[in-house]
Amino acid sequence: MIEDIMTSVIELEGKDYFLVSEINNYVYYAEEANPKNFIILKEIIDDDEEYIVSLDDDKEYDKALALFYERYGEANV
């Protein structure tokens, strides 16, 4: 019997991305057609509503990427 595995998929700039991981408030997505195309977004809560938004700057991107490598090592993404 094959189990259905639910995963989060988002569309961004006409491309579909699937959820790779969540660490703290960061969410890591890879493009379905080209998994090496990797994006990092963050979850924020504003007025009891949850949103996924872009990172603030390169420094925050580096921090989020460091958290990913800390958890998974130098895995190919």
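Model, not experiment: these values are computed from the prediction. One-based numbering along the sequence shown.
- Using a 4.5 Å cut-off on side-chain heavy atoms (C-beta onward), E70 and I23 make no contact.
- Tracing side-chain contacts under 4.5 Å through hydrophobic residues (I, L, V, M, F, W, Y), one reaches V9 starting from Y28; they form part of the same cluster.
- Residues A30 and P35 share a closest heavy-atom pair of CB-O, 3.5 Å.
- When hydrophobic clusters are built by joining Ile, Leu, Val, Met, Phe, Trp and Tyr residues whose side-chain heavy atoms come closer than 4.5 Å, directly or via intermediates, I44 is not grouped with L12.
- Closest approach of R71 and E22 over heavy atoms only: NH1-O, 3.3 Å.
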Do any side-chain atoms of residues 52-60 form donor-acceptor pairs under 3.5 angstrom with protein atoms, and if so which ones, sequence neighbours left out?
from: D56; atom 1: OD1; to: K42; atom 2: NZ; distance (Å): 3.3
from: D56; atom 1: OD2; to: K42; atom 2: NZ; distance (Å): 3.0
from: D57; atom 1: OD1; to: K59; atom 2: N; distance (Å): 3.2
from: D57; atom 1: OD1; to: E60; atom 2: N; distance (Å): 2.9
from: E60; atom 1: OE1; to: K42; atom 2: NZ; distance (Å): 3.3
from: E60; atom 1: OE1; to: D56; atom 2: N; distance (Å): 2.6
from: E60; atom 1: OE2; to: Y26; atom 2: OH; distance (Å): 3.1
from: E60; atom 1: OE2; to: K42; atom 2: NZ; distance (Å): 3.2

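- By the 4.5 Å heavy-atom criterion applied to side chains, I40 and F68 are not counted as neighbours.
- A distance-only check finds no donor-acceptor pair linking the side chain of Y29 to the backbone of S8 [under 3.5 Å].
- With rounding to the nearest 0.5 angstrom, the CD atom of E11 is 10.0 Å from the OH atom of Y17.
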### Query
Which is it for I10 and L41 under the side-chain contact (heavy atoms from CB on, under 4.5 Å) test, yes or no, and what are the steps along the way?
CA-CA 11 Å; I10 61 171; L41 302 170; 3.9 Å; yes
